[in-house]
Every structure is written in C-alpha cells, then in structure tokens.
Amino acid sequence: MYANCRNYRTIWVDRNDKKIIQIIDQRHLPHKFVIEDIRTVDQIFIAIKDMHVRGAGLIGATAGYGMYLATLEATEALNFDEYLINSAQKLKSARPTAVNLSWAVNKQLKAIVKGETIDEKIEIAFDTANEIANSDALSCKKIGEHGSKIIEEISKNKNGEVVNILTHCNAGWLAFVDYGTALSPVYHAFSKGIKVHVWVDETRPRNQGARLTAWELEQQSIPHTVISDNVGGHLMQHGLVDIVIVGSDRTTYTGDVANKIGTYLKALAAFDNNIPFYVALPSSTIDWEIEDGIKQIPIEQRGEEEVKYIQGLHEGEIKKVLLTPEKSPAINYGFDVTPARLITGLIFERGICKANKKEIFKLFGKFN
Ligand code: MRU
C-alpha cells in the first residue's frame, strides 16, 4: 500500500543482501518513517516484543523470517537442530496472544526438517518465510474483495450515500504484510468508487488507531475521523455508524474473537444498536485447539508505563509525557475476547461465514 506516495510492504528481504530483513519500524509512525535492518534472531525477537512490528499477520511473517535467520545462525552453533528449536521457543515467547506467531514458527519447523543438508534447510527456510509473507498479503487482498461486498450492499441501501465504518486499533496493512484485514474491504470499496468514511478509535494505551490507522487512511486519501475510545456508543445511538469491522489476533474454531482491548465494548454497543459487527481475519488466525475464547485465550499484559505515559510529537521530536500521578499504579491488558454471539460474521480469504463452529467448519471443509 502507499506510504509517502510509494508502494511498500511492511516487511521484505533487502534487495542487495539476502541476509538482511527490512521492516518499517512502527514505533515512530505517524511522525517519522523509519526503515530498520534486521540481521539476527535476537533482533527479530526484540522487534516483535517491543512492537517495532505488530499486528497478528505481521508478527507471523516476521517470525517466519526470524526462523530463516535462525538457520543462518545455526551454521555457527554446535548443534544445528538444537539451535533451531531454541530459537523457535524464544520467538514464540515474544508475544502471547496473536496465534499467527506460533503458527508461522511451527510451519517453518515442519518445512525445515525436510531439508537433507544444511544448505537445503536454509533454502527451505528462506522460501517458507517468503511464502508466509506472500500468502498473508494474498489472503488480505481476498478478504478485501469479500468484505467490500458488504459495504457495497450498505451503500446501495443508502442510495449511494457515505457508508460510515467504525474500526478499532489497527488492522490495516501495517498489521499484516499488505492490505490488512479490517481495512482491506474499505480500501477495496473505495477503489470501486463507493463513498466511505471511517471512524477511527484512538485505541489507548498505545494508540494504534490514532497513530497507525489514521496514518494509513490519510496516505490512501480515505475520509476518516479519529475519535476517542469512548465515543463509539454515542455515534451508534445517533445512526452515525453503519457497520463495525475489526481484526483479530486469535479466533477460536467456535467463533470467539480475541482482539485489541476495548473491542468487546464496541461489540456490545453494536449489538444493542442493531449494527452489523464483522471481524476480518486470515485463516492463520484461527486457533483450531481452543473452544472457549474467554477461558482459554492467553491475554497479554504489558508494562504499566504504556498506560501512564503518552507519546507524541513536540517541537519536531517524538516525546513521552507522564499522564497520571507518578505513583498511581496502572494495569495494562492488551486484548479482550468478544464472544461469538455478538458477532454478525467472519470475513476470511475464502469467504464470509457466521461466527459459530458449524459455519466455520463448513467454510474450511472440516467435519466433526
Ligand atoms: O498489540 P498489537 O498492535 O499487535 O495488536 C494487534 C492489533 O493490531 C489488533 O488487535 C488488531 O485489531 C488485530 S491484529 C491484525
């Protein structure tokens, strides 16, 4: 997607050196556009943990490249396989909620084991990392095609008037390799000439909405308005929201959705106001092992400084300022779970279905 009028992905291999992975360091957006070179597994671990990259799909793709770098490093280790297993464990521990992380690492482990020589293993890891990234981008593109039909339908029912979409956090292209999930239908609808406007939840404490979603939409020239997190319910009561579309970090095979903290409250408000609430996600975000999202999905807790401090631009420099009394304790849950009963539908790369086990299994050709 466009950033500063150029087409980018969020992660790629350096054109001149296959051993360097490049990422957009999202900690500096929207104020600075910084590209970071990554050469080691440790740097990949830090990039995921400290959120240079974030968002379920991008975390998975980054971990995929992390395992490729692990094969390069493992050639110097005493035991190649042991080094890979340790790297896999380390990468998986970087963030607990997004299931794409372990999905990508496991996919790499399964693939690499097939190589007969070290060189073959390295080549397989490189190809698999690229495949994970490419298929993430392709899935997101397809999600956009399917999801835009819902927006088009609403637009028709409104005789072509602007469709108002509310989204939470950032599930745009910055959260994936390209296109995004929740925003992909918006991009697709916009490119077809449908009039859209996006309400962007700021999404405290790290403000991925205000910083990243607003930046993405501004870069693609899509009409949008940033709102504080508590405004959504009021807008819904006054007929100013036609549809809510959010992303997901982990979705159970029964349709419960873990997403950025605060999503559940938006789902409750949408339910109460009879507003369609959709979740857009690639199939790599489904957890096929977990039945009950509220009881079983691990919820990340992050440092209290993210709640107590706020980051912004001051006189050309990015600064953090203290928001609360210095000694007040704070707690920082990263995600919450929206139960399937509050969700109108799930938008996957293979189509749209209801958020329940029967429909999900049917869409994926699985049987009980
Ligand atoms: O903590 P983050 O920024 O990695 O959180 C992930 C998210 O961006 C959201 O929860 C998003 O809506 C779903 S992930 C595409």
Side-chain angles (χ1 to χ4, degrees), residues 1 10-11 23-27 29 47-63 94-101 103-104 136-137 139-140 143-144 147 165-186 198-216 229 232 244-251 256-267 277-287 293 297-303 306-307 311 332-338 343 346-349:
M1 299 290 297
T10 51
I11 188 162
I23 58 163
I24 301 170
D25 184 345
Q26 301 188 18
R27 292 170 306 163
L29 288 173
I48 296 173
K49 191 170 185 306
D50 294 347
M51 296 175 69
H52 307 197
V53 292
R54 22 72 48 204
L58 179 55
I59 290 173
T62 308
R95 294 195 68 193
T97 301
V99 77
N100 301 59
L101 176 55
W103 171 84
D136 182 83
S139 293
C140 287
I143 285 169
I165 301 140
L166 186 140
T167 193
H168 191 68
C169 194
N170 173 261
W173 72 278
L174 290 172
F176 291 84
V177 174
D178 212 348
Y179 305 103
T181 51
L183 292 188
S184 188
V186 178
V198 183
W199 296 111
V200 179
D201 277 357
E202 63 171 343
T203 320
R204 280 281 288 149
R206 282 187 75 103
N207 296 310
Q208 289 97 326
R211 292 174 38 238
L212 306 176
T213 299
W215 182 77
E216 273 196 29
D229 286 330
V244 180
I245 313 181
V246 298
S248 171
D249 298 87
R250 190 186 294 228
T251 291
D256 293 340
V257 168
N259 195 49
K260 184 52 58 190
I261 193 81
T263 303
Y264 170 50
L265 293 178
K266 293 300 138 72
F277 184 97
Y278 281 91
V279 180
L281 69 163
S283 49
S284 50
T285 300
I286 302 183
D287 189 328
I297 295 179
I299 299 295
E300 175 179 24
Q301 274 198 57
R302 300 184 58 85
E306 288 181 356
V307 178
Q311 175 177 304
N332 187 5
Y333 291 103
F335 301 90
D336 60 23
V337 175
T338 299
I343 298 166
L346 303 172
I347 309 169
F348 289 106
E349 67 271 26

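Note that ligands are numbered from 1 as they come in the structure, with each ligand's atoms numbered from 1 the same way. For clarity, every value in this text was computed on a predicted model and none was experimentally measured.
Between the side chain of Arg250 and the backbone N or O of Pro298 there is no donor-acceptor pair closer than 3.5 Å. Side chain of Ser184 to backbone of Cys140: a donor-acceptor contact under 3.5 angstrom is found.
Closest to atom 6 (C) of ligand 1, if we only count protein heavy atoms, is Asp249 OD2, 3.0 Å. Atom 5 (O) of ligand 1 has as its closest protein heavy atom Lys260 CE, 3.2 Å. Regarding atom 8 (O) of ligand 1, its nearest protein heavy-atom neighbour is Arg54 NH2, 2.5 Å.
Closest heavy-atom contact between Arg204 and Val307: NH2-O, 2.6 Å. In terms of heavy-atom proximity, Val246 sits nearest to Thr167 at CA-OG1, 4.3 Å. Contact detail for Gly303 and Asn332: the closest heavy-atom pair is O-ND2, 3.0 Å. What you find for Arg27 and Asp50 is that their closest heavy atoms are CD-O, 3.7 Å. Scanning both residues, Gly232 and Leu166, for their nearest heavy atoms gives CA-CD1, 3.9 Å.
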Could you walk me through whether Ser248 and Asn259 pass the side chain to side chain donor-acceptor pair (under 3.5 Å) check?
CA-CA 5 Å; Ser248 171; Asn259 195 49; 5.4 Å; no
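Listed by number with element, the atoms of ligand 1 under 4.0 Å from a non-hydrogen atom of Ala175 are 15 (C). The Ala56 neighbourhood of ligand 1 comprises atoms 14 (S), 15 (C), with distances under 4.0 Å to a heavy atom of that residue. Taking a cut-off of under 4.0 Å to the non-hydrogen atoms of Arg95, the atoms of ligand 1 that pass are 1 (O), 2 (P), 4 (O). Atoms of ligand 1 lying under 4.0 Å from at least one heavy atom of Ser248, given by number and element, are 13 (C), 14 (S). Listed by number with element, the atoms of ligand 1 under 4.0 Å from a non-hydrogen atom of Gln208 are 1 (O), 2 (P), 3 (O). Taking every heavy atom of Phe176 and a limit of under 4.0 angstrom, the matching atoms of ligand 1 come to 15 (C).
Considering both main-chain and side-chain atoms, Ala171 never comes within under 3.5 Å of ligand 1 through any nitrogen or oxygen pair. Residue Thr181 places no N or O, backbone or side chain, under 3.5 Å from any N or O of ligand 1.
Using a non-hydrogen distance threshold of 4.0 Å, Val246 does not register as a contact of ligand 1. Under a 4.0 Å heavy-atom criterion, Arg206 is not in contact with ligand 1. At a 4.0 Å cut-off, at least one heavy atom of Gly55 sits close enough to ligand 1 to count as contact.
The distance from atom CG of Asp336 to atom CG of Asp249, rounded to the nearest 0.5 Å, is 10.0 Å. Rounding to the nearest 0.5 Å places CE of Met51 at 6.5 Å from CD of Glu306. The CZ atom of Arg206 lies 10.0 Å from the CD atom of Gln26; values are rounded to the nearest 0.5 Å.
Residue-level proximity to ligand 1 for Ala98 is absent, since no heavy atom of it falls below 4.0 angstrom. Counting heavy atoms under 4.0 Å from ligand 1, residue Met51 touches it through the side chain alone.
By heavy-atom distance, the residue among Leu174, Ile245, Thr167, Asn259 lying nearest atom 12 (O) of ligand 1 is Asn259.
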